[in-house]
Structure formats: C-alpha cells, structure tokens
Protein chains: 2
Amino acid sequence: MTRTRGDGRATAPPDGPAAATKAVDTPAPDPRVARSRERVLGVALDLVVERGIAGASIEAIAARSGVAKTTIYRQWPHQAALVMDAFRSIAPDPPIPDTGTLRGDLVVLLGGFAEALGRGRSGVLMAALIDAAQRDADFAHVHAQEVLRRHQPVLVVLARGRDRGELPAGVDLDELVDRLAGPIFHRRFISGLPPDRDFGERMAIAALGAG
Amino acid sequence: MTRTRGDGRATAPPDGPAAATKAVDTPAPDPRVARSRERVLGVALDLVVERGIAGASIEAIAARSGVAKTTIYRQWPHQAALVMDAFRSIAPDPPIPDTGTLRGDLVVLLGGFAEALGRGRSGVLMAALIDAAQRDADFAHVHAQEVLRRHQPVLVVLARGRDRGELPAGVDLDELVDRLAGPIFHRRFISGLPPDRDFGERMAIAALGAG
C-alpha cells in the first residue's frame, strides 16, 4: 500500500493518528478558505446521505455549495479524497486508551466504536465508501489508507496486551481485529440494528473469550 | 417485516430456504421468458459491478440487454427486486448441514459462506445492496428480507445446538449470528483481504470459544 503518496495531498499518516485528526494541518489558514472548506464538506455529507456517491460528484457539490469547482480541486485531487475528508469530519479518531488491561482498553475502544456507528450519519458514509471502493481505484486507495489509520489504536492495545502476556504469543492480531470489529459492522449493516456502547463492550469481552 | 407481501412478486419465503433457491418457481415457464429473464439478470450483474446501483437503472438494463422496459417491469416491480434476484442468481442458498454437533454444522456453514464471499462477484453485489439500503426504501425492504432468509440456516443449527445443551440456555442467538458472520464481512469489506474456507472455519470455532 502506498503509505507515502508524495503528491502533496492532505492525507494523514496511518502511523500518527493523534496528530492526524484534521486532514489539512497548515497553520492558521485563511478564514475564507476554512469557511468554504467547511461548506464543501457539509454539502458533500448531505449529498452522499441523500443520493449516494454517484449523486455527490464534484459538480453536484460545487453547484449546491456555491464554491467553484476550481476552488474545490485546489483542496482535493478527486471526489474520493473529498468524501473521505467529509467522513473524517464526523468520525474523529478516538484517543488510545491505557486502562492497564487489554480487556479494559478493548471495552473502551469497541464501546466507543459501536456507539459511533450506531448513531448519526457515519454508518451511511461508511457503507457508501465500502461500495465505491469495490469498483473505483481512488476510493479503494483512500479506503485502504483509512482502514490502516482506524486499526492503528486497536493494534497498539493488542500488541501491548500480547507483550503483557494477555494474549498467546503467536496470535494473529489482524484476524483478532476482524473478530473484534466485525460483529459491530454486521449488526449495523446486515442485521440492521443500531449497535450501542453495551453491544460493543460485550463484543470486546466475547472476542477475548472471557465472560 | 412483511414476510408475505401478497403482490405476486417472486420473493422466496424466508422460512423455506431449501425450496427457495429460484426466485420464480412457476412450473415450466415460456422458454423465451426464461431466456430474457436470464439475459436481464446477467446484464444487471454486469452493470452493478461496473457502475454501481446508480448505473444499473431499469433503463440502463433495458438498453444493454435489448429487453423492453415493459417486459422487465412485468417480472420485477422495481430496480431493487431485480438487483436482489441478480444477486441470488450467483449466491444460492446453502443446504442446512446436520453433522451431529453445533461446531461441525457451523464449520460447514461459515466455511462455505467465507469461500463464497471471498470469490467472484457476490461481495461487490452485497456492498452495493448494503449501500443502497441506507437510503432507498425498496432496497432496505429487499435487503431486510434477504437477511432473514440468509440467517435462517444459521439460526436453525444454533437452536438445535442450544437444545442439545451445546450453548447456554439463555444465549442471544441473533447476537451470536453477528459474532459468527461479522468477522467474515469485516475481512472482505474493511480489512480488504478475501476470506476463504479456512478463515470461516476458524471464525466458527472462535465464536464458540472452543480452540
């Protein structure tokens, strides 16, 4: 995966989640730029929720926001980068917990994730991103980058737990991430029930095999 | 959920998966009707994979297949019903296993599901259906019906296992379905790795808490 694109695009490094909450981190931007950026992101969110990715083209976003296409393209190289930033604007990175136990850390992380996915528009955006990633190279790229970023906190607490002897030495951490987060996605997108904090906490405990 | 719609639409009953592999079960249909039906379903699959749901309108399907819109509407009331039948044409219902143990049955079911989702086009179709269900009432309806159908075999083997004492009496079977199938979805759509039979089998065993 191209962790460094070198194209000057405002993608956050997957290994620095705490510093990467905002995709553009130039200091003290022109307030007009910041305002138009916010308007563009808000319109992008609205259009994806209402019409899906196909209905949220740069053209459609420019038309509804009143921000010129050239201005939009100065900040985002393509629709995928813009939609991903819109998603990030409503789904900020969680801090990495450090409760002293793996179980405690996972309960915090999974509870927070389940709550976030069960409420508001982040689930709708995520479904749109997953679908677009199946057939569009730009979306596949930003989706893969975002997954690396999002999994980082879980992998940190899992590695810490393994080093403390709370997991078997040879455990497959990526597979454990699938087991931890998978049920929350499944509940939201397949079973069609909104997950909540309790559900996420139960999934954390179940995946560790401790009741 | 409306298990019986009573509109003559060819939806299979969720409680009869074995008899419901084909969405239309009228005996010996006109061969021209069967041929045009197959052509329409094939084109619908191609268009969803290439362009997504928005690019697979009834109009676009009619144009590429050469089958008149009126003919298509005689078989499907709306795009959602047609896309769902296209999905079912490449993702038939599995038989319900009966190996004698819950663990054995789940290994068969989950292994087969992971293999099916990891290969071919069913994953792309599923992502498109999930996304469309977020904002379109017809898609939400066919998606919810399909989930009921697909979960039926798992719920049958889980209930049988519970009755044999292989699960705690008070276990939440719906939540257990999330824990069983969720990791497979997560691997396919989030981690971006194709699940295979081995992965599905490991997830079945892990969810039961038996190593």
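Within every chain, numbering begins at 1; the chains are lettered A, B, ... in the order of the sequence lines, protein sequences first and strands thereafter. Keep in mind that what you see is a predicted model, and the values were worked out from it rather than measured.
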Nearest heavy-atom contact between A:Phe189 and B:His143 is O-NE2, 2.9 Å
Quick check on A:Glu59: does its CD atom have over 12 non-hydrogen neighbours (other residues, nucleotides or ligands) under 6.0 Å away?
yes
Distance col, row B:Phe199:CZ vs A:Asp172:CG, nearest 0.5 angstrom, shows 8.5 Å
Heavy atoms from other residues, nucleotides or ligands near CZ of A:Arg119 exceed 12 (cutoff 6.0 Å)
no
In short, A:Ala127 meets B:Ile130 closest at the heavy-atom pair CB-CG2, 4.2 Å
Any B:Val49 side-chain heavy atom under 4.5 Å of A:Arg135 side chain:
no
Considering only heavy atoms and a distance below 4.5 Å, find which of A:Gly192, A:Ala54, A:Ala181 pairs most often with chain B.
A:Ala181
Measure the spacing between CG of B:Asp131 and CG of A:Leu129 and express it to the nearest 0.5 Å.
9.0 Å
Show your working on salt bridge (Lys or Arg N to Asp or Glu O under 4.0 Å) between B:Glu175 and A:Arg202 and close with a plain yes or no.
CA-CA 10 Å; B:Glu175 204 162 294; A:Arg202 284 199 301 279; 2.8 Å; yes
For residues B:Ile190 and A:Val147, report the shortest heavy-atom separation together with the two atoms involved.
O-CG2, 3.3 Å
Go through the atoms of A:Val177 and report whether side chain, backbone, both or neither lie under 4.5 Å from a heavy atom of chain B.
both
Considering non-hydrogen atoms only, spot the tightest contact between B:His186 and A:Gly182 and give its length.
CB-CA, 3.6 Å
Let me know if A:Asp136 has heavy atoms under 4.5 Å from chain B in its side chain, its backbone, both or neither.
neither
Is A:Arg121 close to chain B through its backbone or its side chain, or both, or neither, when contacts mean heavy atoms under 4.5 Å?
neither
Grab the two heavy atoms, one from B:Asp178 and one from A:Arg187, that are nearest each other, plus how far apart they are.
OD2-NE, 2.7 Å
Closest approach of A:Met203 to B:Arg179 (non-hydrogen atoms, all atoms of both residues)
SD-CG, 3.4 Å
Option in B:Ile184, B:Ile53, B:Val48 with maximal non-hydrogen atom pairs under 4.5 Å from chain A
B:Val48
